[in-house]
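Order of the sequence lines fixes the chain letters, A, B, ..., with proteins taken first and strands second; residue numbering starts at 1 for each chain.
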Number of protein chains: 2
Amino acid sequence: MTDPTPTPRGRTSAKRAAIAETLAGFEDFRSAQDVHEEMRRADRRVGLATVYRTLQAMVEGGELDSLRSETGEVTYRLCSGSHHHHLVCRVCGKALEVEGPAVETWAAATAEAHGFRDISHTVELVGTCSDH
Amino acid sequence: MTDPTPTPRGRTSAKRAAIAETLAGFEDFRSAQDVHEEMRRADRRVGLATVYRTLQAMVEGGELDSLRSETGEVTYRLCSGSHHHHLVCRVCGKALEVEGPAVETWAAATAEAHGFRDISHTVELVGTCSDH
DNA sequence: ATTATTGCAAACAATTTGCATCGTT
DNA sequence: AACGATGCAAATTGTTTGCAATAAT
């Protein structure tokens, strides 16, 4: 349970902190490019490559959740902790986190029924929210 | 129920047929590039762009199922008809179609509970099959 | 003939990588 | 000093598009 190194990868750095901060300012999933552009806007410039590298590192470090948008880009968001799924509005991009105990169960059962191990599942609900 | 035009888009063509045939020879999901390469191998050459265009058209025509691989490429497979989900082996790529009435219900209910309309859902189960 | 389909190359977009430099330790 | 972090530009990868040549109707 003891983990003296919060994120056992590399050194600390202002850039890295800035990226994390920027991310904290978002509610829903954003692409590396989005983050990069937002930082430019806020005069907290960082190289695009650095954003990509950092975001990847954070995902591996379990600090971020990532998923692919419908157009294929990888998007990130600080993860809240427990396992959940997303309900995304196709018009405004608003994303809600939803719990899906039923899905978890079904996934596990289905996998086992077919002899699969180490199952991981992705569930994405896309629809039009009430504002549109 | 009557649909005299199997695929109401454009003209018929040998190339198109060849692509469909090639696809029929596959069991699991393949990328446009995979299809292209396979056709080259079988001496049924077609331009890569044509493969992309045709595959997209077939998806829109409801003849193909498509999903994104973990690496982000779009992959295709002839679809068997009814709505279903996939259980893919992360090692060999073997893909099984699975029914998920529970998921359908949950998706609809969740969406409605949050005021979303025109919901569509994506469910992907990735695991290691019994052969590995 | 008319118009959709193809191929090829150029254009693109997202992401990655090489490498010299700079910041942490 | 030693080594990870960063920036920038060049390289990749997957996919799209413009356009002239070709095939289907």
Q | 4.5 Å side-chain heavy-atom contact, A/Leu67 and A/Thr75 | A |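 Yes, side chains in contact.
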
Name each donor-acceptor pair under 3.5 Å that joins a side chain in residues 43-57 of chain B to protein atoms two or more places apart or in another chain, with its distance.
residue : atom : partner : partner atom : Å
B/Tyr52 : OH   : B/Gln33 : NE2          : 3.1
B/Thr54 : OG1  : B/Thr50 : O            : 2.7

Q.
Below the 4.0 Å mark, does D/dG7 have OP1 or OP2 next to a side-chain nitrogen or oxygen of A/Lys15?
A.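 Checking A/Lys15 against D/dG7: at least one side-chain N or O falls below 4.0 Å of OP1 or OP2.
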
Q: Rounded off to whole Å, could you give me the CG-to-P distance for the B/Leu55 and D/dG14 pair?
A: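 Distance, rounded to whole Å: 15 Å.
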
Q) Taking the side chain as C-beta and beyond, is there a heavy-atom pair between B/Arg16 and B/Thr12 under 4.5 Å? A)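 The answer is no; the side chains never approach within 4.5 Å.
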
Q. Are B/Glu97 and B/Arg77 close enough for a salt bridge, meaning some N to O gap below 4.0 Å?
A.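 Yes, charged N to carboxylate O under 4.0 Å.
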
**Q.** Contact list for DNA chain D against residues 29-47 of chain A - heavy-atom distance below 4.0 Å
**A.**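 Those residues whose heavy atoms fall under 4.0 Å from DNA chain D, taken from residues 29-47 of chain A in numerical order, are A/Arg45, A/Val46, A/Gly47.
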
Q) By the rule that ILVMFWY residues connect when side-chain heavy atoms come within less than 4.5 angstrom, directly or transitively, which residues belong alongside A/Val123? A)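 Its cluster partners, ordered by chain and number, are A/Leu87, A/Leu96, A/Val98, A/Val103, A/Trp106, A/Phe116, A/Ile119, A/Leu125, B/Leu87, B/Leu96, B/Val98, B/Val103, B/Trp106, B/Phe116, B/Ile119, B/Val123, B/Leu125.
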
(Q) Please report the interatomic distance OH(A/Tyr76) to CE(A/Met58), rounded to the nearest 0.5 Å. (A)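 CE of A/Met58 is found 11.0 Å from OH of A/Tyr76.
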
Q) Should the pair A/Arg41-A/Glu38 be classified as a salt bridge under the 4.0 Å nitrogen-to-oxygen rule? A)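 Yes, this pair counts.
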
Q) Phosphate oxygens OP1/OP2 of D/dT15: is one of them under 4.0 Å from a side-chain N or O of B/Gln56? A)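 Checking D/dT15 against B/Gln56, no side-chain N or O comes under 4.0 Å of OP1 or OP2.
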
Write out a two-atom table: protein N or O, nucleotide N or O from nucleotides 23-25 of chain D, distance below 3.5 Å.
residue : atom : partner : partner atom : Å
D/dA24  : N3   : B/Arg11 : NH1          : 3.1
D/dT25  : OP1  : B/Thr12 : OG1          : 3.3

Q.
I want to confirm an ordering. Mapping B/Arg53 and A/Thr50 to their closest nucleotides on DNA chain D, which one lands closer to the 5' end?
A.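 Residue closer to the 5' terminus by nearest nucleotide: A/Thr50.
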
Q. In Å and rounded to the nearest 0.5 Å, what is the CG to OG1 distance from B/Asp34 to B/Thr22?
A.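 So the CG of B/Asp34 and the OG1 of B/Thr22 are separated by 11.5 Å.
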
**Q.** Overall bend - the helix from C/dA1-D/dT25 to C/dT25-D/dA1, comparing terminal axes fitted on five pairs, nearest 10 degrees
**A.**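 End-to-end axis angle for the helix from C/dA1-D/dT25 to C/dT25-D/dA1: 20°, rounded to 10°.
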
Q. Taking only side-chain nitrogens and oxygens of B/Arg16, does any of them come within less than 4.0 Å of OP1 or OP2 of C/dT6?
A.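 So the side-chain polar atoms of B/Arg16 do come within 4.0 Å of the phosphate oxygens OP1 or OP2 of C/dT6, strictly under.
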
For nucleotides 9-12 of chain C, tabulate all protein N/O to nucleotide N/O atom pairs closer than 3.5 Å, reporting atom names and distance.
none

Q: Would you indicate whether the side-chain heavy atoms of A/Glu104 and A/His121 approach each other to under 4.5 Å?
A: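 The answer is yes, as the side chains (C-beta and beyond) meet within the 4.5 Å cut-off.
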
Q. Do A/Ser31 side-chain atoms and A/Val74 backbone N/O form a donor-acceptor pair below 3.5 Å?
A.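 Not at all, since once roles are kept as given, no pair shorter than 3.5 Å links the two residues.
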
Q. Between A/Cys89 and A/His132, is any pair of side-chain heavy atoms under 4.5 Å apart?
A.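 A/Cys89 reaches A/His132 side chain to side chain.
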
Q | Residues A/Phe29, A/Val88; criterion side chain to side chain contact (heavy atoms under 4.5 Å, CB included); working and verdict | A | CA-CA 10 Å; A/Phe29 289 81; A/Val88 188; 5.9 Å; no

Q) The side chain of A/Tyr52 lies closest to which of these nucleotides: D/dT15, C/dT16, D/dG7? A)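 Closest nucleotide to the A/Tyr52 side chain: C/dT16.
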
Q.
What is the separation between atom CG on B/Leu48 and atom P on C/dG7, rounded to the nearest whole Å?
A.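 So the CG-P distance, B/Leu48 to C/dG7, works out to 10 Å.
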
Q | Pairwise side-chain contact, A/Glu63 with A/Leu78, heavy-atom cut-off 4.5 Å (strictly under) | A |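 No, their side chains stay 4.5 Å or more apart.
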
